[in-house]
Every structure is written in structure tokens, then in C-alpha cells.
Amino acid sequence: MSVVGIDVGFQNCYIAVARSGGIETIANEYSDRCTPACVSLASKNRMIGNAAKSQIITNFKNTVHGFKKFHGRAFDDPFVQAEKPKLPYSLHKLDNGNTGIKVRYLEEDKVFTCEQITGMLLTKLKETSENALKKPVVDCVISVPSFFTDAERRSVFDASQIAGLNCLRLITDTTAVALAYGIYKQDLPTPEERPRNVVFVDMGHSSFQVAITAFNKGKLKVLSTAFDPYLGGRNFDEALVDYFCEEFKSKYKLNVRDNPRAVLRLHQECEKLKKLMSANSSDLPLNIECFMNDIDVSSRMNRGHFEEMCAQYLMRVEMPLKVALEQSKLSRDDIYAVEIVGGATRIPAIKERIAKFFGKDVSTTLNADEAVARGCALQAINSLLTCIVLH
Ligand SMILES: Nc1ncnc2c1ncn2[C@@H]1O[C@H](COP(=O)(O)OP(=O)(O)OP(=O)(O)O)[C@@H](O)[C@H]1O
Ligand SMILES: [Mg+2]
């Protein structure tokens, strides 16, 4: 039996396992260590992960993604109501008032709970682990955002049970990252010495989390946590989508918003463009063939313009950093390093803002995509050993 750590992201999931040789991240059947948080329900079968992602456009009404934040939320919650018109699939109010997801599956109209959808995703991640490790996987540790409420955590826990997993613990994303950092540091101060204070910043697809942690050998203390639960890479994609929708309306007389498939295609292209802009500051093209009504569309964007468009989001980077620093009661000089993880911290303007706030360069010692899962794997081994000792 093996015990794994699972990072269930808004967009991407990773699984890691602690083995005698160290921590390994597990690859799926596509040799990809990232499994998209996507479930596609069809007339004859269901697809999960990479296979589901390829159905996002063709089977848009029944391909569910971006559901992580519906965990434990009422259908009437303002966040759910604000998301609803933007989703290609339908939401449905469940009898208990929670958010359900309505799809057509096996030729029938079905409403799934968020726990069931995440349960399907976790079932897939369990299978991926079992195929890679060639043994049954039941025990696991799963990460949740630090701002998740008890109801939201409970809901993720219930999803793990649906998948036949035994979730030993849920830990927060930033604690997992801190564990992944601490394990390989041989030169941490002894318990008698002044601790080493490290800031961990994680910006994923949907949220922004910060934690300040004090390290001594064998000891980790979280001094403060702060977050903006609604700031992440997807805000930057949406800013680009909004911009091009307007441009294509005037340039090609296309009402992109009226066509869900076109919106989804534009989203995919905008995300690619955003990533390209992280590495290039020059003008970059956006071309989509047969976009709508057989019209090919094209445009250009560059990093400078993109940053202007996203000023409202970039402005929000500072506040959680400030809150975390104040709550930790440390000054900037007490900070040893600022470690960044999460895909959206690759945006140069985000890195710059974090570095400017702390007055030091950001460090990228950790694997930005896999650090959370790796920390979960460490916690998993730890929790399992504690269980064995206690029983
Ligand atoms: N090179 C890059 N430049 C800009 N953004 C990037 C780059 N690489 C990845 N991203 C963005 O990072 C985000 C995904 O990051 P990550 O996998 O950490 O999110 P997640 O863990 O699924 O989400 P969350 O932590 O909010 O649940 C996406 O918005 C993606 O477009
Ligand atoms: Mg994440």
C-alpha cells in the first residue's frame, strides 16, 4: 500500500509520493505530471483529465472545469451567481441549497454534486497513482486553499471518500509548499538559533495565497497567512478575452459572447498568448482560423499593453503581502527569502511586484507546479507514521 499527496488545483492536479529515493511526482498515461481538473460526460462514457480537456470545445455543455470553488457553497452564494453566466455548462440548485452541476450523461439529464465531480477526478488520480506505483493506493493527503471554510474542506473530504480514498489530512497549499522547502534544506538554524523566516507566495489559476514561515532544524512554524481568493491567472486570461471580444466586434462585426464555442477557443488562445508574453516582451500575434462564421481573425498584443489592461489585478498583489508581513510582526529585514510557486507567478509583472514589496529578488528554488503535491506527499508519510504509532 502506498500513501500519496494530491494537489487538486482549480486548473491543474498533481500527485506525489515519498519513496526511499526522495519525493517523486507521478506521471499519468500521457506521460504528463499535470492532470487537468476537468471531467467530460458523454453519451457512452466519461473522460477525466487530459482526455476531458480535449472535449472542452466539442462537448462544451457537458465538460466540467473550474468547479473547485463550488465546494461547500450555496447555489445562491454571490460567487456562484457571478460565475454562472460565464460557464459553458449549467449549474443547478440542489435540494439542500448547494451548487449542483447539470449535464447530459449516458443519454440522461443528470445533476451531480460538486463532491461527485471532484470524486470522479480523484478516482482518476487514484488510478494514475496505482498504475504508476503498481500497488493499491488508498491513503492520501489533499491540499486545500488556506481560505477554504470548514464546509468547503468537508466537501473536499467527502469527495475523497466517494473516490475510495482515505484522506489522512487536508493541508493548506502554502503549508505544503513550506514542507517541500524545509525537507531539503540542510543548513537550517538549530532550535537555539534565530529562525529563518521565509515567505511563500502561490498564485494559481484562481487564487493568490501568502504565508510567512519560521524554520529551525526539524521545526516549522507558520507565522501568518493572507490571501486574495479571487486573484489568479484566470483574471489575466479574462482581461485578454474581453479585449479581443471588443476588438473583433468592431473589426469583424462578430458577437463572440453569443457563441460559447468561440468564447472557449478564444480563452484557450488567450491563455497561450499570456504564457508567451511571460517570455517575450515584443509584439506577438493572435491568429484563429475559422473563428466564427468562417471568418479568420487576427490581432496583436504585447506585454506593455497587457500590463496596462491588467493594472486593476496587478494592484491587488500588494495587499495580501502587506497583511502577511504585518501579522507576522516581522520587518522586511527579517525575511531570508521569498519563494514563489504557482503558474501565475511566472507573469513578470507579478514577480516584479512581489520583489519590490519585499525589497529583494524572488527565489524559484521550488518546482512552481509540483511543490504543493510534494509537500502533501511529505505530510502523507508523516501522518501515516503517526497513525501507526498511535494504533
Ligand atoms: N509561463 C506562464 N506565464 C503566465 N502564466 C502562466 C504560465 N504558466 C502557467 N501560467 C498560468 O498559471 C495558472 C495555473 O497555475 P496553477 O497550476 O498553479 O493553478 P492551480 O493550482 O490549478 O489553481 P489554484 O491554485 O488557484 O487552485 C494558469 O492561469 C496558467 O495560465
Ligand atoms: Mg494551486
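Here, residue 1 is the first one in the sequence, and each next residue gets the next number. Each ligand, and each atom within it, is numbered from 1 in the order the structure gives. Owing to the predicted nature of the structure, the values given are computational and were not obtained by experimental measurement.
- Salt-bridge check for Asp369 with Arg346: passed, with a basic side-chain N closer than 4.0 Å to an acidic carboxylate O.
- Hydrophobic cluster membership for Leu94: Val111 (Ile, Leu, Val, Met, Phe, Trp, Tyr linked by side-chain heavy atoms under 4.5 Å, directly or transitively).
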Quick one: ligand 1 N/O to protein N/O pairs below 3.5 Å?
{"from": "ligand 1", "atom 1": "3 (N)", "to": "Ser278", "atom 2": "OG", "distance (Å)": "2.6"}
{"from": "ligand 1", "atom 1": "8 (N)", "to": "Arg346", "atom 2": "NH1", "distance (Å)": "3.3"}
{"from": "ligand 1", "atom 1": "10 (N)", "to": "Gly343", "atom 2": "O", "distance (Å)": "3.4"}
{"from": "ligand 1", "atom 1": "12 (O)", "to": "Ala344", "atom 2": "N", "distance (Å)": "3.1"}
{"from": "ligand 1", "atom 1": "15 (O)", "to": "Gly343", "atom 2": "N", "distance (Å)": "3.3"}
{"from": "ligand 1", "atom 1": "17 (O)", "to": "Asn12", "atom 2": "ND2", "distance (Å)": "2.7"}
{"from": "ligand 1", "atom 1": "18 (O)", "to": "Gly343", "atom 2": "N", "distance (Å)": "3.0"}
{"from": "ligand 1", "atom 1": "19 (O)", "to": "His205", "atom 2": "N", "distance (Å)": "3.0"}
{"from": "ligand 1", "atom 1": "22 (O)", "to": "Phe10", "atom 2": "N", "distance (Å)": "3.2"}
{"from": "ligand 1", "atom 1": "22 (O)", "to": "Gln11", "atom 2": "N", "distance (Å)": "2.7"}
{"from": "ligand 1", "atom 1": "22 (O)", "to": "Asn12", "atom 2": "N", "distance (Å)": "2.8"}
{"from": "ligand 1", "atom 1": "23 (O)", "to": "Phe10", "atom 2": "N", "distance (Å)": "3.4"}
{"from": "ligand 1", "atom 1": "23 (O)", "to": "His205", "atom 2": "N", "distance (Å)": "3.0"}
{"from": "ligand 1", "atom 1": "26 (O)", "to": "His205", "atom 2": "N", "distance (Å)": "3.3"}
{"from": "ligand 1", "atom 1": "26 (O)", "to": "Ser206", "atom 2": "N", "distance (Å)": "2.8"}
{"from": "ligand 1", "atom 1": "26 (O)", "to": "Ser206", "atom 2": "OG", "distance (Å)": "2.7"}
{"from": "ligand 1", "atom 1": "26 (O)", "to": "Ser207", "atom 2": "N", "distance (Å)": "3.3"}
{"from": "ligand 1", "atom 1": "26 (O)", "to": "Ser207", "atom 2": "OG", "distance (Å)": "3.4"}
{"from": "ligand 1", "atom 1": "27 (O)", "to": "Phe10", "atom 2": "N", "distance (Å)": "2.7"}
{"from": "ligand 1", "atom 1": "27 (O)", "to": "Lys68", "atom 2": "NZ", "distance (Å)": "2.8"}
{"from": "ligand 1", "atom 1": "29 (O)", "to": "His205", "atom 2": "ND1", "distance (Å)": "2.5"}
{"from": "ligand 1", "atom 1": "29 (O)", "to": "Lys274", "atom 2": "NZ", "distance (Å)": "3.0"}
{"from": "ligand 1", "atom 1": "31 (O)", "to": "Glu271", "atom 2": "OE2", "distance (Å)": "2.6"}
{"from": "ligand 1", "atom 1": "31 (O)", "to": "Lys274", "atom 2": "NZ", "distance (Å)": "2.7"}

Return all side-chain donor-acceptor pairs below 3.5 angstrom for residues 308-316, not counting sequence neighbours, or 'none' if the list is empty.
{"from": "Arg316", "atom 1": "NE", "to": "Asp228", "atom 2": "OD2", "distance (Å)": "3.0"}
{"from": "Arg316", "atom 1": "NH2", "to": "Asp228", "atom 2": "OD1", "distance (Å)": "3.3"}
{"from": "Arg316", "atom 1": "NH2", "to": "Asp228", "atom 2": "OD2", "distance (Å)": "3.3"}
{"from": "Arg316", "atom 1": "NH2", "to": "Tyr230", "atom 2": "O", "distance (Å)": "3.2"}

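- Within the structure, salt bridge (Lys or Arg N to Asp or Glu O under 4.0 Å) pairs that include any residue of residues 269-279 comprise Asp237-Lys274, Glu269-Lys272, Glu271-Lys275 (at least two apart or interchain).
- Hydrophobic clustering of Ile, Leu, Val, Met, Phe, Trp and Tyr side chains at less than 4.5 Å, counting indirect connections, keeps Val323 apart from Leu325.
- Taking a cutoff of 4.0 Å between a charged side-chain nitrogen and a carboxylate oxygen, Arg33 and Glu370 qualify as a salt bridge.
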